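Note that the structure is a prediction, hence the values are computed from the model and not measured.
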Amino acid sequence: MSDFTEQTLRQKLANLSNHSNSIQTTSSWLLKNHNNREIIIRVWLKTVRKENKGAKVVNLLYVANDVAQNARKACPQFKDDFFPAIESAFRHCCELKAKEVENAIGKLIHVWKERQIYSQSQCKRLQEAHQQMKLSGSFPSPAGRNNGKLKNSQPNQFIVEEAKKNAQDVLVSLKRLQNPPSTERDIRIQLSKYPDNISCPEKLQSVQNSEEAKALLTQNEEALPMLEDYVKRLKEETKERESLETNLNMLIQNVRMSIEHHEKLCRDVKRKEDRIKADLLEVEKTFESLPDLTAEMPNAPLPTLEALFQKRK
């Protein structure tokens with residue numbers, strides 16, 4: 001479009017407000033200029049990374065959402081090209097630790113998953129970034145002095161409970177997958193006994209008469225319940241494996257976040273220890289530099305107790 005310039009784009013993104021009209025007008029302008037989508041995506045992501053106000057970031061995310069949902073008609077490629085930038089923006093939001101951003105991201109992932117804006121695997125990656133944001137927000141500030149008192153440096157109870165829940169879910173999934181349907185040899189042998197005509201429609205052309213057709217139909221009716229049940233259990237197994245993978249990833253993130261947190265605490269303690277040692281050395285040097293006061297005192301002998309008592313009398 002003739003009115004598109006990078007400066008105009010920056011201005012529109014900077015002037016975004018939380019009103020729906022502002023979001024829709026901006027996203028509509030972006031879609032009209034989809035031929036410049038590489039510039040749009042680059043500037044949008046740069047704007048998100050520079051912004052430190054949660055409300056402004058939410059507005060930028062909502063514009064991306066509006067573009068992604070409406071691009072399916074105007075320019076489907078725009079939606080796909082936008083995804084890497086959206087994922088990068090989600091991971092950047094972990095540093096903000098803003099509750100409003102965290103809530104907005106959760107809503108967007110739910111909408112995109114429900115309306116199939118992005119694929120299951122893409123939504124899963126976004127959910128991992130969202131989970132990481134929730135975990136990073138559960139850690140308080142590093143230990144430091146506040147009005148002479150140390151701030152609380154213990155991890156939030158959320159991270160502890162979340163880790164316990166993940167570990168329990170992993171154990172439950174592993175127990176359920178001890179004897180999965182995919183390893184059941186008997187049912188596979190039973191299904192293999194039926195003719196290929198059941199699983200291969202092309203071979204139905206070899207049926208010559210009604211008697212052969214009736215015999216094949218009888219076999220189909222016999223195999224169908226068994227096959228439907230097996231397929232159902234295989235689907236459940238697949239879902240269980242996906243759940244296991246998700247919980248393992250979340251557990252790994254929990255452990256990683258906990259390790260990073262405690263390593264930071266150790267560094268803070270070591271830094272304070274080194275500071276105290278340095279202060280003690282300074283005190284020792286100060287004492288060593290003081291003059292020997294006993295050497296300056298007169299050498300006269302100290303009075304005896306008997307002389308002191310006589311003087312008091």
Can you find a pair of side-chain heavy atoms, one from [X] and one from [Y], that are under 4.5 Å apart?
{"X": "E114", "Y": "H110", "result": "yes"}
{"X": "N18", "Y": "V58", "result": "no"}
{"X": "N36", "Y": "N33", "result": "yes"}
{"X": "R267", "Y": "K264", "result": "yes"}
{"X": "F4", "Y": "N35", "result": "no"}
{"X": "K113", "Y": "Y118", "result": "no"}

Problem set entry | Worked check of side-chain hydrogen bond (donor to acceptor under 3.5 Å, both in side chains) between D186 and Q190 | CA-CA 6 Å; D186 293 343; Q190 281 184 281; over 6 Å; no
Exercise. Can you name the nearest heavy-atom pair linking S17 to I23, along with the distance?
Worked result: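 Smallest heavy-atom distance, with atoms named: O-CD1, 3.5 Å.
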For this session: I would like to know whether L9 and W29 meet side-chain contact (heavy atoms from CB on, under 4.5 Å); could you show each step before the answer?
Result: CA-CA 9 Å; L9 171 61; W29 183 81; 3.9 Å; yes
Distance, nearest 0.5 Å, that separates [atom1] of [X] from [atom2] of [Y]:
{"X": "K124", "Y": "S119", "atom1": "NZ", "atom2": "OG", "value": "11.0 Å"}
{"X": "K32", "Y": "S27", "atom1": "NZ", "atom2": "OG", "value": "10.5 Å"}
{"X": "I86", "Y": "Q122", "atom1": "CD1", "atom2": "CD", "value": "9.5 Å"}
{"X": "L126", "Y": "Q131", "atom1": "CG", "atom2": "CD", "value": "13.5 Å"}
{"X": "I40", "Y": "L30", "atom1": "CD1", "atom2": "CG", "value": "5.0 Å"}
{"X": "N59", "Y": "E51", "atom1": "CG", "atom2": "CD", "value": "9.0 Å"}

Problem set entry | Presence of salt bridge, E102 and K99, under 4.0 angstrom |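 Salt bridge between K99 and E102, a charged N being under 4.0 Å from a carboxylate O: yes.
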Problem set entry | Ion pair check, R42 and E38, cut-off under 4.0 Å |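 Here R42 does not pair with E38 in a salt bridge, since their nearest N and O are not under 4.0 Å apart.
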Exercise. Run the side-chain hydrogen bond (donor to acceptor under 3.5 Å, both in side chains) check on E240 and S243 step by step: do they pass?
Worked result: CA-CA 5 Å; E240 192 67 53; S243 175; 4.7 Å; no
Decide whether [X] and [Y] are clustered together by the hydrophobic rule: side chain heavy atoms of Ile, Leu, Val, Met, Phe, Trp, Tyr closer than 4.5 Å, transitively.
{"X": "L177", "Y": "L171", "answer": "no"}
{"X": "I39", "Y": "V48", "answer": "yes"}
{"X": "V111", "Y": "I109", "answer": "yes"}

For this session: Assess whether side-chain contact (heavy atoms from CB on, under 4.5 Å) is satisfied between L16 and Y62, documenting all intermediate values.
Result: CA-CA 10 Å; L16 268 177; Y62 283 165; over 6 Å; no
Exercise. Do other residues, nucleotides or ligands put more than 12 heavy atoms under 6.0 Å from Q120 CD?
Worked result: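 12 or below, so no.
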Pairs of donor and acceptor atoms involving the side chains of residues 73-84, under 3.5 Å and at least two apart or interchain, shall be tabulated with distances.
unit_1 : atom_1 : unit_2 : atom_2 : d
Q77    : NE2    : D81    : OD1    : 2.8
K79    : NZ     : I117   : O      : 3.1
D81    : OD2    : R37    : NE     : 2.9

Exercise. Side chain to side chain contact (heavy atoms under 4.5 Å, CB included) with L60: which of T47, T26, L45?
Worked result: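 Among T47, T26, L45, the one that satisfies the side chain to side chain contact (heavy atoms under 4.5 Å, CB included) with L60 is T47.
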For this session: Could you list the residues that satisfy salt bridge (Lys or Arg N to Asp or Glu O under 4.0 Å) with R49, not counting sequence neighbours?
Result: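 By the salt bridge (Lys or Arg N to Asp or Glu O under 4.0 Å) rule, R49 matches no residue at all.
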Is it the case that the side chain of [X] and the backbone of [Y] share a donor-acceptor pair, with hydrogens and angles ignored and the cut-off at 3.5 Å?
{"X": "N249", "Y": "E245", "answer": "yes"}
{"X": "S28", "Y": "Q24", "answer": "no"}
{"X": "T25", "Y": "S22", "answer": "no"}
{"X": "N70", "Y": "D66", "answer": "yes"}

Exercise. Under the criterion side chain to side chain donor-acceptor pair (under 3.5 Å), which of K277, R271, K270 is the partner of D274?
Worked result: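 Exactly one option meets the side chain to side chain donor-acceptor pair (under 3.5 Å) with D274, and it is K270.
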Problem set entry | Candidates K235, R233, R241 - the one meeting salt bridge (charged side-chain N to carboxylate O under 4.0 Å, His left out) with E237 |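 Going through the options one by one, the only one that passes is R241.
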For this session: Would you kindly say whether T8 and Q11 are connected by a side-chain donor-acceptor distance under 3.5 Å?
Result: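 No, no side-chain donor-acceptor contact under 3.5 Å.
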For this session: Tell me, with the steps shown, if R10 and V43 meet side-chain contact (heavy atoms from CB on, under 4.5 Å).
Result: CA-CA 7 Å; R10 287 198 182 95; V43 173; 3.8 Å; yes
